[in-house]
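Here is the structure we will look at, set down as structure tokens.
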Amino acid sequence: VAGANVTITPNDAGNSITIAAAGGGGGLTLPYSGSATSSSDAFSVTQAGTARVGYFAVTNTTTSSDAFRVQTSSTNSNSDAVSAFATGGNAIEAVNNSATQPTFYAYNSGSGPVATFGNSSTSTGDIVRITKNGGTGKALSVNYTGTTNAVYIENNSSGTGLELKQDGTGKAAYFHI
């Protein structure tokens, strides 16, 4: 089944199998599907070289399927569907070549916030920075139809709660009702 360069090692105690390939070959037959019940990672890959750990691409230009989907059924608040860590560089980088679709879309059908950003260090860097170069669209647009504040700022520091700086020729702020 495996081939001359592939070894399959079962681990009955750990309820797992190890598939190894010599000479850079494969070992999984696609499409592949599997499941596990274990206290260890169901699938783990480590890359010590300079290439990616994984690459997924959908080349069908008419499909409506995701290139990669992650889902968790855990109700534990410490269980994330995706967790990203980086020692250098961005933990997540998103680039979208579509002229009409957002690069990042987040939706929460529960009662919690859609996004939370924080900085756990004492660095002087911004928590959120929005940069827009050119065009006529707004750098930040808030469209709210609820019954409470559209924007609320709570500042528990000795610094300014809201600072507006305008280096161009337009107004720093414009309020209308």
Side-chain angles (χ1 to χ4, degrees), residues 1-110 112-135 137-142:
V1 170
N5 67 329
V6 177
T7 58
I8 300 176
T9 309
N11 180 345
D12 292 332
N15 195 26
S16 65
I17 62 168
T18 300
I19 303 172
L28 296 176
T29 301
L30 298 177
Y32 173 79
S33 178
S35 63
T37 303
S38 174
S39 60
S40 299
D41 293 339
F43 193 75
S44 178
V45 178
T46 300
Q47 164 64 293
T50 58
R52 296 179 182 98
V53 172
Y55 178 81
F56 301 89
V58 174
T59 58
N60 181 332
T61 59
T62 61
T63 187
S64 61
S65 295
D66 304 323
F68 190 71
R69 182 180 177 107
V70 179
Q71 178 177 334
T72 182
S73 297
S74 177
T75 58
N76 186 316
S77 63
N78 293 320
S79 175
D80 301 320
V82 175
S83 183
F85 297 92
T87 303
N90 301 318
I92 296 175
E93 178 182 24
V95 177
N96 186 355
N97 293 321
S98 171
T100 59
Q101 296 298 315
T103 300
F104 184 76
Y105 175 78
Y107 179 82
N108 184 356
S109 59
V114 173
T116 299
F117 301 94
N119 187 343
S120 61
S121 72
T122 58
S123 76
T124 58
D126 300 331
I127 292 177
V128 176
R129 178 176 293 168
I130 299 171
T131 303
K132 182 174 182 349
N133 296 315
K138 298 169 181 68
L140 175 64
S141 177
V142 177

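Atom set for the values below is all heavy atoms of this structure, side chains included, hydrogens, waters and symmetry mates excluded.
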Between [X] and [Y], is there a donor-acceptor pair closer than 3.5 Å when you use the side chain of the first and the backbone of the second?
X: D41; Y: F43; value: no
X: N60; Y: T62; value: yes
X: N96; Y: S98; value: yes
X: N108; Y: P113; value: yes

So how far is it from [X] [atom1] to [Y] [atom2], rounded to the nearest 0.5 Å?
X: Q71; Y: D66; atom1: CD; atom2: CG; value: 11.0 Å
X: N97; Y: T103; atom1: CG; atom2: OG1; value: 9.0 Å
X: L140; Y: I130; atom1: CG; atom2: CD1; value: 4.5 Å

(Q) Under a plain distance cut-off of 3.5 Å, with no hydrogens placed, do N76 and S74 share a side-chain donor-acceptor pair? (A) no

What's the shortest heavy-atom distance between [X] and [Y], and which atoms?
X: Q47; Y: R52; answer: NE2-O, 3.5 Å
X: A115; Y: F117; answer: CB-CE1, 3.7 Å
X: S38; Y: S40; answer: OG-N, 3.0 Å
X: A42; Y: A36; answer: CB-CB, 4.1 Å
X: S79; Y: T72; answer: OG-OG1, 3.6 Å

Q: Determine whether more than 12 heavy atoms belonging to other residues, nucleotides or ligands lie under 6.0 Å from atom NZ of K132.
A: yes

Show every ring-ring contact (aromatic ring centres under 6.0 Å, His included) that has at least one partner inside [range], sequence neighbours left out.
range: residues 72-93; result: none
range: residues 45-78; result: F56-F68
range: residues 86-107; result: none

